[in-house]
> 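Please see the structure below; I have some questions.
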Amino acid sequence: MGLRPTPTKSEEIMKIIRVNDIAAHDGEEVTIQGWVYKRTGKGKLAFLLVRDGSGFVQCVAFKGDLDEALFDIISRIPQESSVIITGTVRKDDRAPGLPGGYELGIQSFEVIQAADEDYPMALKEHGADFALDNRHFWIRMPSQWAILRIRATIISAIREWLDDNGFILMDTPILTPAAAEGTTTLFETEYFDEGKAYLAQTGQLYNEANIFAFGKVYCFGPTFRAEKSKTRRHLTEFWMVEPEIAFCDLDELMNIEEQFVAHIVKRVLEKNRPELESLDRDISALEKVTGEFPRISYDKAVEMIKEIQAKTEDPEEKAFLEIEWGMDFGARHETVLTQQFDKPVFVYGYPTQVKAFYMEPMPGRPEACKSVDLLAPEGYGEIIGGSERMSDPDLLLQRIREHELPEEAFQWYLQLRQFGSVPHSGFGMGVERTVAWICGTDHIRETIPFPRTIKRVYP
RNA sequence: UCCUCAUUAGCUCAAUUGGCAGAGCGAGCGGCUGUUAACCGCUAGGUUCUUGGUUCGAGUCCAAGAUGAGGAGCCA
């Protein structure tokens, strides 16, 4: 507040509100503190769309009501100038904004800083490169503002549900000694005299230790993958929540996941309806995400994809949909599969060979394992990957050797199975993919404030 | 790592067969009492990604490179 050292007399009595509360102040004289998002004029009228972080509201100045010099300042104020505006709230259906429908008739107007006139982010559509180079400004635009507010609700709902259902937050390390699933996709850093350390790509193995102390736990933090993936579904730094539960089998895991996801969607519908509407999200599609989700086996899913492929005429699409039992699903497979349902769908029992080493085999079917992915509808695909973990120490050691993982680094993990091993399960949910699905965003880079991709670490 | 595409004004894009570098938005100035991507008039704004080549002449054709995007593989 260095620009405004002491409050004036009038400031001491003014009633500062936030824009998202404006409906509660109809007819009152209030003050808002924010930034000029857009300015238009019509002779003796000036319209400012002002944002204050909580919403966007139209402020109107009429030349006849104000000192001429003040009206001149208002009608010339550059976009993004920071301002403090006092005026009377009135309901008006013509008023744009978020939530909209109310406007402020300007009575006094203080400029904190008049912005430079060459603000780079014009109010129009931008290409991806320009938008990402200007991410520090892009987040001021309503679409990005709406997505990031929904992201905050999703994160809050994640913690709320887990905290209310007996899960304990256990922060797992970000600097780790070795790969959980191979070293090729890890970011590497020097670690004093201990050699290399790696940025974590999962907290799961540590959570498997934590459950034997706390029963039900979750970790929630950034995750790092150095994969050279350049798609609309990939970031190199993303946030993942990973619950882990003792005495829990695959069916119980699916029960937990569907309650968890339904709660998150419910909270967004309660808290962020104006944001969803501003994004033109099909809200009725989200309202269907309740109750039980369909559960289909990998075997059934392969059959369904084969049927869809047989009906596909486009030769390129047909080639992408080619599948045989034993193959992992690609993005196209997930897309056509989820389009068959209007809720998230569980696919369980994937082939052992395409999944991680620590998953429990299906009873009597060692070629399949007790894994389950949750695929979001409308073509969004995998948002959760989970499994029942292997509890037999001998088989686990065998798998570590088969995958040629450094046995010595997994000693502590193997010891867990020797001292009170129980059936246990867990899953990881990618926050950004979940945000993309709920917001209906077509690219994951818009779902995190400052995305990190293979080609971008600025800003 | 592989495949495909793109790069022209601050931004989004045009530019016919190789023949004068253009528009809209944004910015500045002027006009307008209800604007919603306002509208009307005027002004300013260019290393056509880089380097080399072909040609009387290259934004356009050729070669190499740079940068970015989408996708595959892998994954959340």
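Reminder, nothing fancy here: chain letters follow the sequence lines and each chain counts from 1. Keep in mind the model is a prediction, meaning the values are calculated, not measured.
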> Could one point to a donor on the side chain of A:S229 or the base of B:C74 with an acceptor on the other under 3.5 Å away?
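When only heavy-atom distances are counted, A:S229 does reach the base of B:C74 through a donor-acceptor pair under 3.5 Å.
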> Can you identify which nucleotide, out of B:G70, B:C11, B:A76, has its nearest atom closest to the A:I444 side chain?
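Closest nucleotide among those given: B:A76.
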> As a test of your reading of the structure, name each stem of RNA chain B as range with range, where a stem is three or more consecutive Watson-Crick or G-U pairs at under 3.5 Å.
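Stems (3+ consecutive pairs) listed as B:1-7 with B:66-72, B:10-13 with B:22-25, B:27-31 with B:39-43, B:49-53 with B:61-65.
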> According to salt bridge (Lys or Arg N to Asp or Glu O under 4.0 Å), who are the partners of A:R51, at least two apart in sequence or on a separate chain?
A:E80
> Can you measure A:F320 atom CZ to B:C3 atom P for me and round it to whole angstrom units?
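Value for this atom pair: 14 Å.
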> Is A:K455 touching bases, backbone alone, or none of the nucleic acid, heavy atoms closer than 4.0 Å?
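The residue A:K455 makes sugar-phosphate contact but no base contact.
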> Mark up nucleotides 21-29 of chain B, 5' to 3', with B wherever a protein heavy atom is under 4.0 angstrom from a base atom, S wherever such an atom reaches only the sugar-phosphate, and - elsewhere.
---BSSSSS
> For the ring pair A:F410 and A:F357, is the centre-to-centre distance below 6.0 Å?
yes
> Return the nearest nucleotide to the side chain of A:R445; candidates are B:A76, B:A72, B:G70.
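Nearest listed nucleotide: B:G70.
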> Do A:H234 side-chain and B:C75 base share a donor-acceptor contact under 3.5 Å?
yes
> Apply the ring-ring contact (aromatic ring centres under 6.0 Å, His included) test between A:F56 and each candidate in A:W35, A:W145, A:Y102; give the one that qualifies.
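Single ring-ring contact (aromatic ring centres under 6.0 Å, His included) partner of A:F56 among A:W35, A:W145, A:Y102: A:W145.
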> Base, sugar-phosphate, or nothing: which does A:F130 touch, judged by heavy atoms less than 4.0 Å apart?
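Here A:F130 touches the backbone only, sparing every base.
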> Please determine, for the side chain of A:R456, which listed nucleotide (B:G71, B:G68, B:C74) has the closest atom?
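Minimum distance to the A:R456 side chain belongs to B:G68.
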